[in-house]
Each structure stands twice: as C-alpha cells, then as structure tokens.
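Inspection log for the structure reproduced underneath, given as structure tokens.
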Amino acid sequence: MQTVKLNNGVEMPQMGYGVYQVSPAECERCVADALSVGYRMIDTAQAYHNEEGVGNAVRRSGIDRGEIFLVSKVWISNYGYEKAKASIDESLRRLQTDYIDLMLLHQPFCDRYGAYRALEEAYKEGKLRAIGVSNFYPDHFIDLASNMEIVPAVNQVETHVFDQQIEAQKIMEEFGTRIMSWGPFAEGRNNLFTNPLLTEIGHKYDKSVAQVALRWLIQRGVVIIPKSTHIERMQQNIDIFDFVLSDEDMAAIATLDTGKSLFFDHHDAETARMFMGWR
Ligand SMILES: NC(=O)c1ccc[n+]([C@@H]2O[C@H](COP(=O)([O-])OP(=O)(O)OC[C@H]3O[C@@H](n4cnc5c(N)ncnc54)[C@H](OP(=O)(O)O)[C@@H]3O)[C@@H](O)[C@H]2O)c1
C-alpha cells in the first residue's frame with residue numbers, strides 16, 4: 001500500500017477502510033473482509049460504538065499488529081482533559097491494543113483544548129503514534145494548530161468531488177498537516193455514482209465511477225477511507241493503483257466543486273445546537 005509521511009515522521013497508508021454506520025454486530029465481519037482483500041488501515045471512532053469489533057477482527061486476523069494502522073477519534077462527550085485522558089484508555093481497551101496509530105478529536109466543539117492536551121500527553125507516553133483533528137475548518141484549525149505544542153498530523157474533513165477543500169488543504173499544508181477525506185463518495189449524495197462526467201472518464205480507463213472518485217483524491221495527496229459493507233466493493237475500491245488520471249481529467253473533475261458541504265455546515269448555528277445535544 002502506498003504511504004504518506006506525517007509531520008512527525010510516521011508512515012501512514014494513503015488508503016484505508018472506514019466503519020462509520022457499520023453496526024457493532026457487523027463490524028467484525030466487515031473489518032475481517034477488508035483486511036482479507038488488502039486494507040491495512042481502519043478508521044473508527046468512539047462515537048461509532050464499534051471499536052471492539054475492529055479490535056476483534058484485527059486480533060483474529062493473525063496479521064502482525066505492526067502492519068495495521070488503527071485510527072480512532074475522541075467524541076465530544078469525552079472532551080476536557082480528564083475525560084479525554086480516561087477515554088483514550090477505554091479506546092485502547094476496546095481496540096485490544098497498547099497503542100493507537102492515530103487519534104483525532106472528532107469535532108471542533110466543547111473543551112477541545114483540554115481534550116487535545118490529553119492527546120498530547122498520551123502521544124508522549126507512547127499510547128498514540130500520531131495525533132490530529134477532524135472537522136476543523138480553517139478558522140478552528142489555524143487557532144488550534146497555532147496554540148498547541150504539537151501541530152496536528154492529520155485533519156479529517158468531508159472531502160469529495162462536490163466539496164473539494166482546495167483552500168482548506170493549502171492551509172493545512174502550511175502547517176504540515178495531512179488532509180484525510182471522510183465521505184469520499186459523499187455517501188452517494190448528489191447522484192455521485194451516476195455522475196455523467198465521472199462515468200465518461202471511467203470508460204476511458206475501464207474503471208468505475210467509484211474508482212475515478214477515489215483515484216482523483218489519491219492524486220491530490222489526500223488520504224482516503226471509503227466505506228462499504230460489501231467485499232466486492234471493498235475490492236473494487238482498493239483497485240485504484242494501476243491507473244493514473246491525466247491532467248486534463250483531473251482539471252475536468254475540479255469543475256464539479258461546489259465549495260459547500262453536502263451534510264452540514266460547521267459554522268451554522270443549527271449545527272452547533274445539534275452538537276450541543278450530543279454532548
Ligand atoms: N470524521 C467524521 O466526522 C466522519 C464523518 C463521516 C465519515 N467518516 C469516516 O469516513 C468513512 C467513509 O465515509 P462514509 O462512510 O460516510 O461514506 P462514503 O465512503 O462516502 O460512502 C459510503 C457509501 O457508498 C457505498 N459504496 C461504497 N463503495 C461503493 C462502490 N464501489 N459502488 C457503489 N457504492 C459504493 C456504500 O454502500 P455499501 O456499504 O452498501 O456498499 C455506502 O452507502 C466512514 O466510514 C468513517 O470512517 C468520518
């Protein structure tokens with residue numbers, strides 16, 4: 001698997017498998033399937049309630065722990081220094097491991113500074129190999145990255161052909177932070193899987209729309225973690241390292257950008273209220 005080097009020197013696979021909206025019961029089977037077809041990075045979160053399924057699948061796979069890159073996220077109900085610190089230990093227990101490769105703050109709400117200090121401390125203790133954030137848009141990102149001792153290694157944000165994060169990626173790069181896409185297919189919104197431009201480009205390379213959408217992100221240096229519960233699709237999604245989109249096709253896909261979220265705007269008052277309900 002192609003890797004990228006994080007700002008602390010850690011090598012991270014550029015592609016992994018995400019388990020959002022995979023039920024705790026199904027998660028172990030899905031992760032076992034993903035590992036069997038070659039994925040070596042798994043993205044989970046405290047809020048997905050399936051860290052234990054991930055841990056079971058990794059343990060039972062027989063694959064050396066050092067070959068697997070585990071990503072998890074601290075949820076806002078565990079923010080503040082003390083609660084975040086305890087929650088990292090709980091994630092380690094559920095994942096059945098003594099270190100997590102990358103731990104992120106899931107959202108930019110509540111006491112994120114206290115929570116980030118807990119990540120920094122766990123990083124120094126060797127419990128986390130890298131730390132970062134998720135859903136931190138340029139304002140929150142610049143603020144945190146400028147004020148904490150350890151600059152986030154990664155910022156995981158909604159990134160797909162319809163919301164490309166071009167300016168946000170440039171700002172992350174100023175800090176040496178790697179952009180990681182969530183929702184690389186926009187969960188199929190805006191008819192992504194039947195988009196005419198992506199379909200036409202796919203025909204040229206004998207690839208599916210899904211493969212074109214992922215390959216485009218890879219060529220931009222974005223880390224990706226597409227989700228599927230179907231092993232055939234997991235296989236299809238990882239089969240994107242044998243073709244290269246031309247500059248012309250990259251530029252054509254750039255025109256699909258709307259510069260807007262297809263989910264929710266983190267700066268909207270209603271979004272903030274929604275998150276306050278999930279503390
Ligand atoms: N940090 C955050 O706040 C945040 C938010 C959202 C997601 N994430 C992470 O990002 C990961 C990916 O995002 P996501 O799960 O929201 O959505 P996504 O990967 O954009 O889309 C998943 C959807 O696409 C379908 N699909 C997958 N491969 C396909 C293919 N080759 N052809 C047709 N359909 C296909 C899946 O269906 P089937 O499963 O039925 O195949 C599923 O409905 C998550 O699992 C999670 O790890 C993080």
Side-chain angles (χ1 to χ4, degrees), residues 13-24 26-27 29-31 33-34 37 39 41-51 53-54 57 69-76 91 95 100-109 112 132-137 140-141 152 154-165 168 178-195 198-199 202 207-218 222-240 261-266 271 274-275 278:
Q14 200 182 347
M15 175 166 202
Y17 174 71
V19 294
Y20 177 47
Q21 291 172 329
V22 178
S23 70
E26 222 189 352
C27 184
R29 190 273 299 165
C30 284
V31 174
D33 282 351
V37 300
Y39 291 82
M41 174 163 74
I42 310 296
D43 179 83
T44 181
Q46 294 170 352
Y48 302 169
H49 303 293
N50 57 20
E51 287 175 309
V54 173
F69 196 101
L70 288 178
V71 185
S72 192
K73 314 180 194 83
V74 179
W75 185 244
I76 55 175
S91 285
L95 287 163
I100 294 168
D101 295 275
L102 173 66
M103 193 70 160
L104 308 175
L105 293 190
H106 206 145
Q107 296 288 347
F109 297 106
R112 50 195 183 271
V133 294
S134 176
N135 296 299
F136 278 57
Y137 290 92
H140 288 138
F141 174 75
V154 166
N155 187 9
Q156 185 183 116
V157 292
E158 176 188 349
T159 311
H160 45 73
V161 294
F162 303 124
D163 189 6
Q164 302 187 357
Q165 307 291 1
R178 178 67 61 163
I179 183 172
M180 182 170 182
S181 150
W182 67 253
F185 303 131
E187 294 180 7
R189 292 183 188 200
N190 212 12
N191 299 317
L192 182 140
F193 292 115
T194 53
N195 180 272
L198 300 178
T199 306
K207 291 287 178 182
S208 68
V209 164
Q211 290 169 317
V212 171
L214 295 178
R215 180 71 210 179
W216 175 79
L217 289 166
I218 288 286
V222 177
V223 175
I224 56 172
I225 42 165
K227 170 257 176 188
S228 173
T229 53
H230 300 93
I231 192 166
E232 305 76 13
R233 287 178 176 172
M234 293 176 197
Q235 262 163 336
Q236 181 194 127
N237 295 344
I238 205 173
D239 182 21
I240 55 168
S261 169
L262 292 193
F263 294 83
F264 37 71
D265 177 354
H266 276 71
T271 304
M274 179 177 81
F275 280 102
W278 292 338

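Keep in mind that the numbers below use all heavy atoms, side chains included, and drop hydrogens, waters and symmetry copies. Numbering of ligands and ligand atoms starts at 1, following listing order.
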Atoms in ligand 1 flagged as close to [X], the criterion being non-hydrogen separation under 4.0 Å:
X: Gly18; answer: 45 (O), 47 (O)
X: Gln236; answer: 31 (N)
X: Gln156; answer: 1 (N), 2 (C), 4 (C), 8 (N), 9 (C), 48 (C)
X: His106; answer: 1 (N), 2 (C), 3 (O)
X: Pro226; answer: 19 (O)
X: Ala210; answer: 30 (C), 31 (N)

Just heavy atoms, cut-off under 4.0 Å: does [X] contact ligand 1 by side chain, backbone, both, or neither?
X: Val22; value: neither
X: Lys73; value: side chain
X: Val209; value: neither
X: Ala186; value: backbone
X: Pro184; value: both
X: Ser228; value: both

I need the minimum non-hydrogen distance between [X] and [Y], along with the two atoms involved.
X: Pro108; Y: His266; value: CD-CD2, 3.9 Å
X: Trp75; Y: Trp278; value: NE1-O, 3.2 Å
X: Leu95; Y: Glu51; value: CD2-O, 3.4 Å
X: Pro152; Y: Gly132; value: CB-CA, 3.8 Å
X: Ala45; Y: Asn50; value: O-OD1, 4.5 Å

Mind jotting down which residue pairs meet the side-chain hydrogen bond (donor to acceptor under 3.5 Å, both in side chains) criterion with at least one end in residues 155-164? Sequence neighbours excluded, please.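 Applying side-chain hydrogen bond (donor to acceptor under 3.5 Å, both in side chains) to every pair that reaches into residues 155-164, excluding sequence neighbours, yields Asp43-Gln156, Glu158-His160, Glu158-Ser261.
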Pairs touching residues 179-193 that satisfy side-chain hydrogen bond (donor to acceptor under 3.5 Å, both in side chains), sequence neighbours left out: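 Residue pairs with at least one partner in residues 179-193: Asn135-Trp182.
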Any chance you could measure Met41, atom CE, to Asp101, atom CG, to the nearest 0.5 Å?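 Rounded to the nearest 0.5 Å, the CE-CG separation comes out at 9.5 Å.
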To the nearest 0.5 angstrom, please state how far the CE atom of Met234 sits from the OH atom of Tyr39.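 One finds 7.5 Å between CE of Met234 and OH of Tyr39.
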Kindly identify the option in Tyr17, Phe193, Tyr20 whose heavy atom sits closest to atom 44 (C) of ligand 1.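 It is Tyr20 that holds the nearest heavy atom.
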Out of Lys227, Gln107, His230, who is nearest to atom 19 (O) of ligand 1 when you count heavy atoms only?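 Looking at heavy atoms only, Lys227 sits closest to atom 19 (O) of ligand 1.
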Of all the non-hydrogen atoms in the protein, which one sits nearest to [atom], and at what distance?
atom: atom 3 (O) of ligand 1; value: Asn135 ND2, 2.9 Å
atom: atom 6 (C) of ligand 1; value: Trp182 CE3, 3.2 Å
atom: atom 38 (P) of ligand 1; value: Arg233 NH1, 3.3 Å
atom: atom 47 (O) of ligand 1; value: Asp43 OD2, 2.6 Å
atom: atom 11 (C) of ligand 1; value: Ile225 O, 3.2 Å
atom: atom 16 (O) of ligand 1; value: Glu187 OE2, 2.5 Å
atom: atom 31 (N) of ligand 1; value: Asn237 OD1, 2.9 Å
atom: atom 20 (O) of ligand 1; value: Phe185 N, 2.8 Å

For [X], is at least one N or O under 3.5 Å away from an N or O on ligand 1?
X: Gly183; result: yes
X: Gln21; result: no
X: Ser181; result: no

Check whether Thr44 reaches the backbone of Val19 with its side chain - one donor and one acceptor, N or O, closer than 3.5 Å.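 Side chain of Thr44 to backbone of Val19, a donor-acceptor pair under 3.5 Å: no, none is there.
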Using a 3.5 Å distance criterion without hydrogens, assess whether the side chain of Tyr17 forms a donor-acceptor pair with backbone atoms of Ser228.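 The answer is yes, because a donor-acceptor pair under 3.5 Å joins these two groups.
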Could you check whether any heavy atom of Gly188 sits closer than 4.0 Å to an atom of ligand 1, since that is the contact criterion I want to use?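 Per 4.0 Å heavy-atom rule, Gly188 does not contact ligand 1.
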Of Leu214, Val222, Leu192, which is the lone residue that meets side-chain contact (heavy atoms from CB on, under 4.5 Å) with Pro184?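 Per the side-chain contact (heavy atoms from CB on, under 4.5 Å) rule, the option paired with Pro184 is Leu214, out of Leu214, Val222, Leu192.
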Could you walk me through whether Asp33 and His230 pass side-chain contact (heavy atoms from CB on, under 4.5 Å), step by step? CA-CA 9 Å; Asp33 282 351; His230 300 93; over 6 Å; no
Would you please indicate yes or no on a ring centroid separation below 6.0 angstrom for Phe275 and His106?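 Not close enough - the centres of the two rings lie 6.0 Å or further apart.
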So Ile224 and Gln14, side-chain contact (heavy atoms from CB on, under 4.5 Å) or not? Walk me through it. CA-CA 6 Å; Ile224 56 172; Gln14 200 182 347; 5.9 Å; no
